[in-house]
A.B. asks: 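Got a structure here, written out as C-alpha cells. Questions coming.
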Amino acid sequence: MRDSTEWKPTSYRTHTIGQIVSDGSTLVGSEVSVAGYAETIRGRGAICFLMLRDGTGHIQAFLKKDNMEPEVFDLIQSSTRESTIQVTGVVAQKRPPKVAEGEPSPPPEYEVNVTSGQVLANAAAPLPLGVIDEVKVGLDIRLDNRYLDLRRAHVNAMFQLRSKVLQYGRELLIKEGFMEMNSPKIIASASEGGTNLFPMMYFDTPAFLSQSPQLYKQLAVLGGLERVFEIGPAFRAEKHDTYRHLNEFISFDIEGAWMDDEDVMCVQERMIHYIWSSVSENDQSLIDTINKYKISQNEEEISVEIPEIPFPRIPYCDAIEIVKSGGGDIEWGDDIESHHCDLIAEKYPGFHFLPRWPMAMKPFYIYHNKDEKAATGGQLSRGFDLNYGRDEMTSGGQREHRVDMLEQNLRDMDLKPEDFTFYTDGFRYGAPPHAGWGLGVARLLMVLTGAGNVREVVLFPRDRSRVTP
Ligand code: AMO
C-alpha cells in the first residue's frame, strides 16, 4: 500500500485508511471520515461489518443501526462489493484476538465505529473479474476491465513500482546534470526508417506520429541544452504480435553533448544500477505484494539482485563469433535476432552491451568513422544495443555531428537530405559531438518484475487488436 505519511485531508476524508492503521493509537476516541471501496459487507439485522479499502490500506467499519440514521444503515448494508462508501465515526482499538499462553500478542488493530455515512456510487454486480478473490481470468478480460484489474493488490503494486522506476531513473539523470524535455509527437519525417509510421493528416498537410524523440533531442542538445532526457510515447506501426512489442510504448531517452557511445553506456548502466538499488532499498513492500500473488500462482518470485557494473561490452563482431560458435546460423552484417541472443545470453546472462554495429545496420544519425572497419572490411559504427537475455532493452550511440557526413548518410540510406533540412540545418552553425540512447520502459520493467508480457506493465496497452479502453 502507498506511503501515507504526507496525505492531506480532502472534502471526502479527514484521514487515509493507512494513517488510521499506522497512527491508530493516537487517534483512538477521535472522529474521522474515511472513504473507499467496499471489499466485504457482512452482518445481519442491526449490525454490519464493512471492510473498506483505499489506496493506502484496509480498515473495518462497524455499523450499528441504533447509532446512525436507519436509512443510511440500510443503504450501506445492502450495497454491493466495490461500491464506494464514505463513513464518519470514532476510532477504536479492536478487541485483541486470544493468543495461547507464552505466544506474543499481535500488534493492535483499529476500527471505525460509524455514526454516519453515504454510498457514493454503487457497483454493478456481478463484477467482470474478482478484485479480492482469485478467480483466474485471461489477459484480454483483464485489459478490457483494467480499471478493476488495477484494484487487485499485485497489479496495483506493479504500477506503483513502475512509477518508482521512472522516479529513480529521473533522479539519477537529474543528479548527473540532465534536464527533462518534451518533443513534439506530430512530425513530418521519420527518424527510425519510413515503413513503420502511423500517417495522419495535420490539417491539410500529411504528417506522422513520432517514432522516437530522436531528431528533437539532438536539436535540443545542438541548441545548448547539453544534457536532456525525455520519457514519452513513441508510435510504431509494426505488425508484430509478440510479448514485447506494442504500437505505442514509452521510450526513456537521453542525449548529451561532448559525449561518445561509451560515455552514454556508462550513464545507462549507472541509471539501471541506481534503479535496482533504490527499489531494493525502498520498495520491498511492493515486491512482497507482487510475490504474494506469484507464490499463490506457483510463479517464480521476484528477487531484486542489483546488477554489477560495468556491464560486459561485447562488440558486434565478437557477438557474431559467439553465436557462430554456439551453432547459430549468422553472418557478419546480419541482424542479431532473439534466437541468436539466447546463445549470447548463455555466456552473458545479465545486462550486456553490444557496441560497434555495422554502419549499414544503424540509422543515418549514427556516427560514421571511416577508420573503424571490421576484419571483414565492413564499416563499423558507434551504435550499440543493451540486451538482457533474448530481449533488446535499448539502442543508442554517438551521433553524426558533421553535417556533410550526415547528408551523406541520408543519401547512403536512400533518404533525401531535402526532407530533413529542419534537422540538418541545426548542424550548420557549429555542432557539439554528442551521444544518447532510447530505452523501452516496459522491457526494463519486464526484467525487474519477471513479467512475461509487456502488457502486464503497461496500463492501457495499444497493440494491433486493441485501441480501447
Ligand atoms: P529503437 O528503435 O531501437 O531506437 O527503440 C529504442 C527501444 O525502444 C524499445 N522499443 C519498443 N518497445 C515496445 N514495443 C515496440 N514496438 C518497441 N520498439 C522499440 C526497445 C528499444 O531498444 N532513436 C533510437 C534510440 C537512440 O538511438 O537514442 C530508437 O528509437 O526497448
Side-chain angles (χ1 to χ4, degrees), residues 165 169 173 178 181 183 185 187 189-198 208-221 227-256 259-261 263-265 267-268 271-272 335-338 341 351-355 357 359 361-367 381-400 409 423 434-448 451 453-458 461-464 466:
V165 163
L173 291 176
F178 288 81
M181 64 166 275
S183 63
K185 300 302 159 205
I187 53 153
S189 317
S191 60
E192 312 301 322
T195 53
N196 54 13
L197 283 161
F198 281 114
F208 306 100
L209 291 179
S210 163
Q211 300 161 302
S212 155
Q214 183 62 42
L215 308 184
Y216 293 94
K217 59 180 182 168
Q218 288 187 257
L219 290 179
V221 165
R227 290 186 173 198
V228 294
F229 73 93
E230 173 164 336
I231 305 175
F235 304 89
R236 307 268 169 108
E238 295 163 342
K239 294 194 169 163
H240 292 303
D241 271 319
T242 76
Y243 67 92
R244 63 177 179 187
H245 287 97
L246 291 175
N247 296 109
E248 175 180 341
F249 65 94
I250 298 298
S251 186
F252 195 144
D253 279 77
I254 74 156
E255 203 65 32
M259 294 179 122
D260 69 6
D261 48 346
D263 294 323
V264 290
M265 282 192 266
V267 175
Q268 171 123 100
M271 187 178 97
I272 291 178
D335 197 7
I336 301 178
E337 295 178 25
S338 294
C341 293
F351 289 106
H352 52 271
F353 286 111
L354 304 176
W357 282 65
M359 189 64 212
M361 300 179 71
K362 285 287 165 191
F364 62 85
Y365 51 77
I366 292 287
Y367 187 78
S381 76
R382 296 271 175 91
F384 65 85
D385 283 357
L386 174 76
N387 281 19
Y388 186 100
R390 61 175 4 224
D391 298 323
E392 178 193 310
M393 303 283 119
T394 301
S395 293
Q398 181 170 350
R399 318 307 188 182
E400 184 53 74
N409 286 355
Y423 166 70
H434 59 286
W437 41 253
L439 162 76
V441 168
R443 293 200 185 166
L444 190 69
L445 274 149
M446 281 175 76
V447 176
L448 179 67
N453 192 318
V454 279
R455 291 160 184 78
E456 294 283 354
V457 293
V458 174
R462 292 290 176 259
D463 59 27
R464 278 172 78 192
R466 184 173 285 284

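Just follow the structure's listing: the first ligand is 1, and inside any ligand the first atom is 1. Quick note: numbers below take in every heavy atom, side chains included, and nothing from hydrogens, waters or symmetry partners.
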A.B. asks: If you measure from each non-hydrogen atom of Arg244 to ligand 1, which part falls under 4.0 Å: side chain, backbone, both or neither?
C.D. replies: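 For Arg244, only backbone atoms sit under 4.0 Å from ligand 1.
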A.B. asks: How does Phe384 reach ligand 1, by side chain, by backbone, by both or by neither, if only non-hydrogen atoms under 4.0 Å count?
C.D. replies: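 Answer for Phe384: neither.
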A.B. asks: Heavy atoms only: give me the nearest Tyr216-Ser183 pair and the separation to one decimal.
C.D. replies: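 The answer is CB-CB, 3.6 Å.
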A.B. asks: Quick one: does Met446 get within less than 4.0 Å of ligand 1, heavy atoms only?
C.D. replies: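 Per 4.0 Å heavy-atom rule, Met446 does not contact ligand 1.
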A.B. asks: Checking the side chain of Lys217 only, and the main-chain atoms of Ile254 only, is there a donor and an acceptor separated by less than 3.5 Å?
C.D. replies: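 Looks like yes, one N/O pair under 3.5 Å.
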A.B. asks: Over all heavy atoms of both residues, which pair between Phe364 and Glu400 is shortest? Give the atoms and the distance, please.
C.D. replies: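 Where Phe364 meets Glu400 most closely, the heavy atoms are O-CB, 4.4 Å.
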A.B. asks: To the closest 0.5 Å, what do you measure between CG (Leu246) and CG (Asn453)?
C.D. replies: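 It comes to 8.0 Å.
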A.B. asks: In the protein, which heavy atom is nearest to atom 29 (C) of ligand 1, and how far is it?
C.D. replies: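 Atom 29 (C) of ligand 1 sits closest to the protein heavy atom Glu192 OE1, 3.6 Å.
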A.B. asks: With heavy atoms of Glu392 as the reference, note each atom of ligand 1 found under 4.0 Å away.
C.D. replies: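 Counting from 1, the qualifying ligand atoms are 3 (O), 21 (C), 22 (O), 31 (O).
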A.B. asks: Please determine if Arg464 and Asp241 form a salt bridge, counting it only when a charged side-chain N lies under 4.0 Å from a carboxylate O.
C.D. replies: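 Yes, this pair counts.
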A.B. asks: For His245, is at least one N or O under 3.5 Å away from an N or O on ligand 1?
C.D. replies: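 Such a contact does not occur with ligand 1.
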A.B. asks: Any sub-3.5 Å donor-acceptor pair from Asp385's side-chain atoms to Ser395's backbone N or O?
C.D. replies: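 No, the answer is negative, given that no donor and acceptor are paired below the 3.5 Å cut-off.
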A.B. asks: Could you list the atoms of ligand 1 found under 4.0 angstrom from a heavy atom of Trp437?
C.D. replies: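 So the atoms of ligand 1 that pass are 26 (C), 28 (O).
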A.B. asks: Could you tell me which atoms of ligand 1, counted from 1 in the order shown, lie closer than 4.0 angstrom to a heavy atom of Gly396?
C.D. replies: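 What qualifies from ligand 1 is 27 (O).
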A.B. asks: Which of the numbered atoms in ligand 1 are under 4.0 angstrom from any heavy atom belonging to Ser395?
C.D. replies: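 The list of qualifying atoms is 1 (P), 3 (O), 4 (O), 22 (O), 25 (C), 26 (C), 27 (O), 28 (O).
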A.B. asks: Of the protein's non-hydrogen atoms, which lies at the shortest distance from atom 14 (N) of ligand 1, and what is that distance?
C.D. replies: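 Ranking protein heavy atoms by distance from atom 14 (N) of ligand 1, first comes Leu246 N, 2.9 Å.
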A.B. asks: Should the pair Phe384 and Phe353 be assigned to parallel (<30°), tilted (30 to 60°) or perpendicular (>60°) ring geometry?
C.D. replies: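 The rings of Phe384 and Phe353 stand perpendicular, inter-plane angle above 60°.
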A.B. asks: With atoms numbered from 1 as shown, which atoms in ligand 1 lie under 4.0 angstrom from a non-hydrogen atom of Arg399?
C.D. replies: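 Every atom of ligand 1 under 4.0 Å from some heavy atom of Arg399: 26 (C), 27 (O), 28 (O).
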A.B. asks: Would you mind checking which non-hydrogen protein atom is closest to atom 20 (C) of ligand 1, with the distance to 0.1 Å?
C.D. replies: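 Answer for atom 20 (C) of ligand 1: Arg443 NH1, 3.5 Å.
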A.B. asks: Closest by any non-hydrogen atom to atom 5 (O) of ligand 1: pick that one out of Met393, Arg236, Gln211.
C.D. replies: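 That would be Arg236.
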A.B. asks: Tell me if a side-chain donor or acceptor on Asp335 pairs with a main-chain N or O of Glu337 at a distance below 3.5 Å.
C.D. replies: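 No, the answer is negative, given that no donor and acceptor are paired below the 3.5 Å cut-off.
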A.B. asks: Which one holds for Gln214 and ligand 1: side chain close, backbone close, both close, or neither close, with close meaning a heavy atom under 4.0 Å?
C.D. replies: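 It is the side chain that gets close, since no backbone atom is under 4.0 Å.
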A.B. asks: For ligand 1, which is the ligand I care about here, please tell me if Gly440 has any N or O atom under 3.5 Å from one of the ligand's N or O atoms.
C.D. replies: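 For ligand 1, there is an N or O atom that lies under 3.5 Å from one belonging to Gly440.
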A.B. asks: Taking all non-hydrogen atoms of both residues into account, name the closest pair between Pro233 and Lys185 and its distance.
C.D. replies: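 What the structure gives for the nearest pair is O-CD, 3.5 Å.
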A.B. asks: If you measure from each heavy atom of Glu255 to ligand 1, is any distance below 4.0 Å?
C.D. replies: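 No heavy atom of Glu255 comes that close to ligand 1.
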A.B. asks: Please report the interatomic distance NE2(His240) to CG(Asn196), rounded to the nearest 0.5 Å.
C.D. replies: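 Between atom NE2 of His240 and atom CG of Asn196 there are 8.0 Å.
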A.B. asks: Determine whether any heavy atom of Ala442 lies closer than 4.0 Å to an atom of ligand 1.
C.D. replies: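 Per 4.0 Å heavy-atom rule, Ala442 does not contact ligand 1.
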A.B. asks: When you measure from the side chain of Glu192 to the backbone of Ser212, do you find a donor-acceptor pair of N or O atoms at a distance under 3.5 Å?
C.D. replies: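 Checked: no pair found.
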A.B. asks: Check if Lys217 has a non-hydrogen atom at a distance under 4.0 Å from any atom of ligand 1.
C.D. replies: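 Lys217: in contact with ligand 1 (<4.0 Å).
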A.B. asks: Who's the nearest protein heavy-atom neighbour of atom 17 (C) of ligand 1, and how far?
C.D. replies: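 Result: Phe249 CE2, 3.4 Å.
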A.B. asks: Please lay out, stage by stage, how Glu238 and Arg244 fare under the test salt bridge (Lys or Arg N to Asp or Glu O under 4.0 Å).
C.D. replies: CA-CA 12 Å; Glu238 295 163 342; Arg244 63 177 179 187; over 6 Å; no
A.B. asks: Scan side-chain atoms only and decide if Tyr243 and Asp391 contain a donor-acceptor pair under the 3.5 Å cut-off.
C.D. replies: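 Yes.
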A.B. asks: Return the residue, atom name and 0.1 Å-rounded distance of the protein heavy atom closest to atom 24 (C) of ligand 1.
C.D. replies: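 Sorting protein heavy atoms by distance from atom 24 (C) of ligand 1 puts Tyr365 OH, 3.3 Å first.
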A.B. asks: Please state whether Val454 comes within less than 4.0 angstrom of ligand 1, counting heavy atoms only.
C.D. replies: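 False for this residue.
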A.B. asks: Supply the atom-to-atom distance Leu444 CG to Ile250 CD1, rounded to the nearest 0.5 angstrom.
C.D. replies: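 It is 13.5 Å, given to the nearest 0.5 Å.
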A.B. asks: Give the residue and atom name of whichever protein heavy atom lies nearest to atom 7 (C) of ligand 1, and the separation in Å to one decimal.
C.D. replies: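 Answer for atom 7 (C) of ligand 1: Gly438 O, 3.5 Å.
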A.B. asks: Does an N or O anywhere in Ser251 fall below 3.5 Å from an N or O of ligand 1?
C.D. replies: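 Not met; the criterion fails.
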